[in-house]
Q: 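Below is the structure I would like to discuss, written out as C-alpha cells.
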Amino acid sequence: MERKGTAQEDLTGRDRLVSSVIFNWGGHFVFVIAGFIMPRMIDRRLGQELLGVWDFAWSIVSYFGLVQIGVASSVNRYVARYRMTGDISALNGIVSSASFAMTISGVLVLGLTIAVSLLIPQLFGVRLGENVREAQWVVFFLGTSMAIGVASGTYNGILTGCHQWRLRNIIESGWHAASISGMIIALLMGKGLWILSLVYLMGTALACATRISFAYRVCEGLRIHLSLVRLETIRKLLAFGGKTLVPSVSQMLLNQTTSILILAYLGPAALALYARPMALIRHTQIFVKGVAMTMTPTISSLHSTGNMEEIRTLVVTSIRYSFCLALPIVLVLVIFGGTIIELWMGPRYANALIPMILAAGFLARLGQTPILNVLAGMNAHGRLGIAEFITSLCSVGLIVIVLGSLRWKLAGVAVAVTLPVTLINTTYLPLLICRLVGLDTKRYFLSAVVGPVIHVLPFAVCLVVARIVFRTQPLAGLAWGGVTGSTILMVSYWKYAIPKSVRTKLIERLFYKTS
C-alpha cells in the first residue's frame with residue numbers, strides 16, 4: 001500500500017540538514033581521532049616498516065570495494081525519492097534488488113581477498129621481506145571486513161535515504177571506537193598486525209548487524225525479499241551506480257595506486273612517511289564531506305519535484321561552507337604542516353614540504369567536495385566521473401615518470417599527484433556544475449569562493465606572522481597563531497558562515513535556558 005509523507009515529516013530532509021551535518025562531524029571525529037592514535041601506536045610498538053605494511057594492506061583492500069559497481073551509492077537516492085512520492089512498493093523493489101546484487105558482490109570480494117592474500121609473496125615478496133606472512137593475514141582479515149561491509153551496504157543506504165544520519169553515525173562511530181579500543185589493547189599486549197586486523201573484522205561484523213536491525217525500524221513498510229528482485233531494477237541501479245563508480249576508481253588510482261607505486265619503488269618505510277601527510281588531507285576531506293554527504297538524498301527529493309532554484313541555492317551554500325571549513329585547515333597544513341607531523345609521529349616523519357604541496361594542491365577539490373553529491377542526486381554525475389578518471393590517470397603517469405625515470409623522491413610524488421587535480425578543479429569542475437544547474441558563473445565564484453577567502457584572510461595573516469616571529473620555536477608559533485587566528489576567525493564566521501536559525505538556537509540555549 002502506498003502512502004504520502006505527513007506534514008509532520010519533511011521527506012526532503014531539508015529540516016535536518018544542519019543537524020545531519022553536525023552528527024556527521026561527530027561521527028567522523030571518532031575516525032579522525034583513531035586515525036591519529038593508531039599510526040603512532042603501530043610505529044612505536046611495531047616499527048615504521050610494519051606501519052608501512054599496514055598502509056599497504058589497506059591500499060590493496062580498498063580496491064575490492066569496486067566490485068559493488070556503485071550499487072550502494074544509488075540506494076539512498078532512490079529510497080529518498082520513493083519515500084518522497086510515497087511509493088513503498090517501488091522502494092522495496094529497489095532495496096531487495098540492491099541487497100541481492102550487494103550480497104553477490106560481497107561473495108566476490110571474499111574470493112578476491114583469498115586470491116590476493118595468497119599471491120602477495122609472488123607480487124610483493126621482495127619489498128615486504130620478512131613481513132610478507134604478516135601482510136597476507138592482514139589483507140585477508142581486512143578484505144573479509146570489506147566483504148561483510150559490501151554485502152550489507154544496502155542497509156546503510158536505507159538509513160541515509162531516510163535522512164537518519166544521526167543514527168547512522170552513532171552506529172558507525174560507536175562500533176569503530178570499540179574496534180579501536182580493542183586494537184589498542186592488543187598493541188599494549190604486544191600483539192602483531194594480524195591481531196589488529198582480526199579485531200577490526202569483529203567490529204565490522206557487529207556494526208553491520210546493528211545497521212540491519214535499525215534499518216527495519218526507521219523505514220516504515222520496508223520489506224526485503226528474493227521475490228521482489230528484478231533484473232531490470234538491478235540494471236537501473238548499475239546504470240546509476242556506474243557513474244558513481246568512475247569517481248571511486250579515480251580515487252583508487254590517485255590514492256591506493258600511488259601507495260603501491262611508492263612501496264614498489266621506495267619500500268614500506270617510505271610509504272609510511274608519505275601516508276602520514278596524505279592522512280591529514282583525507283581527514284580534512286572527511287570533515288568537509290560532513291557537509292557533502294547529506295546532499296544526495298536531499299537533492300534527489302528536490303529534483304523529483306523540479307525545484308531547481310532550491311538546488312542552486314543549496315549548491316552555492318554547500319560549497320561556501322566547504323571552503324569555509326577547508327581553507328583554515330589547508331592554511332595550517334601549508335604553514336605548519338611539518339610541525340604538526342613531527343608533533344604527531346616524531347622527528348623521523350617531519351617533512352614540511354610534502355604536507356605543504358598536498359594541502360595546496362587539494363584545496364580546490366576539498367572546497368568543491370559537495371559537487372559530486374549534488375550531481376549524484378540529479379543523476380548527472382557521469383561527466384564529472386570521467387573527468388576525474390582522466391585526471392587520476394595523468395597523476396599516475398606522472399608518478400611513474402617521477403619515480404621510475406627522474407628518480408625523484410616523495411616531494412616529486414606529491415607534485416605529480418596534485419598538479420592534474422588542481423588543474424581540473426579550478427577550470428572544468430566549476431563550469432560543469434554551473435551549466436548543469438543553471439547557475440551564473442560569476443555568482444558561483446563570488447558567493448561560494450571569494451567570500452570565504454576574504455573572511456579567512458585575517459586567520460592567514462596570524463599564521464604567517466606567528467611563523468616569522470617564532471621561526472625557531474614552531475610549536476609556540478603554531479599555538480600563538482592558531483589561538484589568535486581562530487579567535488578572529490570565529491568572530492568573522494559568526495554571521496557569515498553560521499545560519500541565522502542556528503545562531504538563534506545557540507543564543508537561546510546559552511543564555512535563556514540557563515537563566
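Fair warning: this is a prediction, and the values are worked out from it, not measured in the lab.
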Q: Over 60° means perpendicular and under 30° means parallel, so classify the ring planes of His455 and Tyr496, tilted if in between.
A: parallel
Q: So, taking the atom named CD1 in Ile341 and the one named CZ in Phe336, what distance separates them when rounded to the nearest 0.5 Å?
A: 14.0 Å
Q: State whether Arg211 and Glu172 are salt-bridged, where the test is any N-O pair (Lys NZ or Arg NE/NH1/NH2 against Asp/Glu carboxylate O) under 4.0 Å.
A: yes
Q: Closest approach of Ser392 and Leu254, non-hydrogen atoms and distance?
A: OG-CB, 4.0 Å
Q: Write down the atom of Thr422, the atom of Thr426, and the distance for their closest heavy-atom approach.
A: O-OG1, 2.7 Å
Q: Testing Leu271, Leu273, Leu410 for side chain to side chain contact (heavy atoms under 4.5 Å, CB included) with Leu266, which one passes?
A: Leu410
Q: Is there a side-chain contact between Phe36 and His283 in this structure, where contact means two heavy atoms from C-beta onward sitting under 4.5 Å apart?
A: yes
Q: Decide yes or no for Thr339 and Arg467: does some side-chain heavy atom of the first lie under 4.5 Å from some side-chain heavy atom of the second?
A: yes
Q: Between Leu489 and Cys462, does a side chain to side chain contact (heavy atoms under 4.5 Å, CB included) hold up when you go through it step by step?
A: CA-CA 10 Å; Leu489 190 65; Cys462 289; over 6 Å; no
Q: Are Arg383 and Tyr428 close enough that some pair of their side-chain heavy atoms sits under 4.5 Å apart?
A: yes
Q: Could you check whether any side-chain N or O of Ser97 sits under 3.5 Å from a backbone N or O of Arg230, counting only pairs where one atom can act as donor and the other as acceptor?
A: yes
Q: Can you measure from CG (Asn255) to CD1 (Ile260) and round to the nearest 0.5 angstrom?
A: 11.0 Å
Q: Can you measure from CZ (Arg83) to CD1 (Ile88) and round to the nearest 0.5 angstrom?
A: 7.0 Å
Q: Show the numbers, then the answer: is there a side chain to side chain contact (heavy atoms under 4.5 Å, CB included) between Ile281 and Gln285?
A: CA-CA 6 Å; Ile281 301 299; Gln285 190 169 31; 5.6 Å; no
Q: Examine distances only and state if a side-chain atom of Ser447 and a backbone atom of Arg443 form a donor-acceptor pair shorter than 3.5 Å.
A: yes
Q: Testing the basics here: between Ser62 and Met146, what is the closest heavy-atom pair and its distance to 0.1 Å?
A: CA-CE, 4.2 Å
Q: Is the shortest heavy-atom distance from the side chain of Tyr274 to the side chain of Thr258 under 4.5 Å?
A: yes
Q: Count the heavy atoms belonging to other residues, nucleotides or ligands that lie under 6.0 Å from CZ of Arg471, then report whether that count exceeds 12.
A: no
Q: Side chains of Thr257 and Tyr63: do they bring a donor and an acceptor to under 3.5 Å?
A: yes
Q: With a 4.5 Å limit on heavy-atom distance, are the side chains of Val79 and Cys162 in contact?
A: yes
Q: Can Asp440 and Arg312 be counted as an ion pair, charged N to O under 4.0 angstrom?
A: no
Q: Between atom CD of Gln368 and atom CG of Leu363, what is the distance when rounded to the nearest 0.5 Å?
A: 9.0 Å
Q: Kindly say whether Tyr82 contributes a backbone atom to a donor-acceptor pair with the side chain of Thr85 at under 3.5 angstrom?
A: yes
Q: Pair Leu261, Val396 - check side chain to side chain contact (heavy atoms under 4.5 Å, CB included), show working.
A: CA-CA 9 Å; Leu261 287 172; Val396 170; 4.2 Å; yes
Q: I'd like to check Leu432 versus Leu375 (side-chain heavy atoms, cut-off strictly below 4.5 Å). Are they in contact?
A: yes
Q: Grab the two heavy atoms, one from Ala411 and one from Ile357, that are nearest each other, plus how far apart they are.
A: O-CD1, 3.9 Å
Q: Nearest 0.5 Å, please: how far is CD1 in Ile371 from SG in Cys434?
A: 8.0 Å
Q: Write down the atom of Val402, the atom of Val413, and the distance for their closest heavy-atom approach.
A: CG1-N, 3.9 Å
Q: Can you confirm whether Trp344 is buried at CH2, in the sense that more than 12 heavy atoms of other residues, nucleotides or ligands lie under 6.0 Å from that atom?
A: yes
Q: Checking the side chain of Tyr444 only, and the main-chain atoms of Pro430 only, is there a donor and an acceptor separated by less than 3.5 Å?
A: no
Q: Would a 4.5 Å heavy-atom cut-off, applied to side chains only, mark Ser259 and Phe56 as touching?
A: no
Q: Between the main-chain N or O of Val483 and the side-chain N or O of Ser486, is there a donor-acceptor pair closer than 3.5 Å?
A: no
Q: If I take atom CG from residue Leu419 and atom CD1 from residue Ile424, how far apart are they, to the nearest 0.5 angstrom?
A: 12.0 Å
Q: Please give me the minimum heavy-atom distance between Val421 and Ser395, naming the atom from each residue.
A: CG2-OG, 4.5 Å
Q: Is there a side-chain contact between Val330 and Phe362, using heavy atoms and a 4.5 Å cut-off?
A: no
Q: Assess whether side chain to side chain contact (heavy atoms under 4.5 Å, CB included) is satisfied between Phe459 and Val332, documenting all intermediate values.
A: CA-CA 10 Å; Phe459 179 77; Val332 171; 3.8 Å; yes
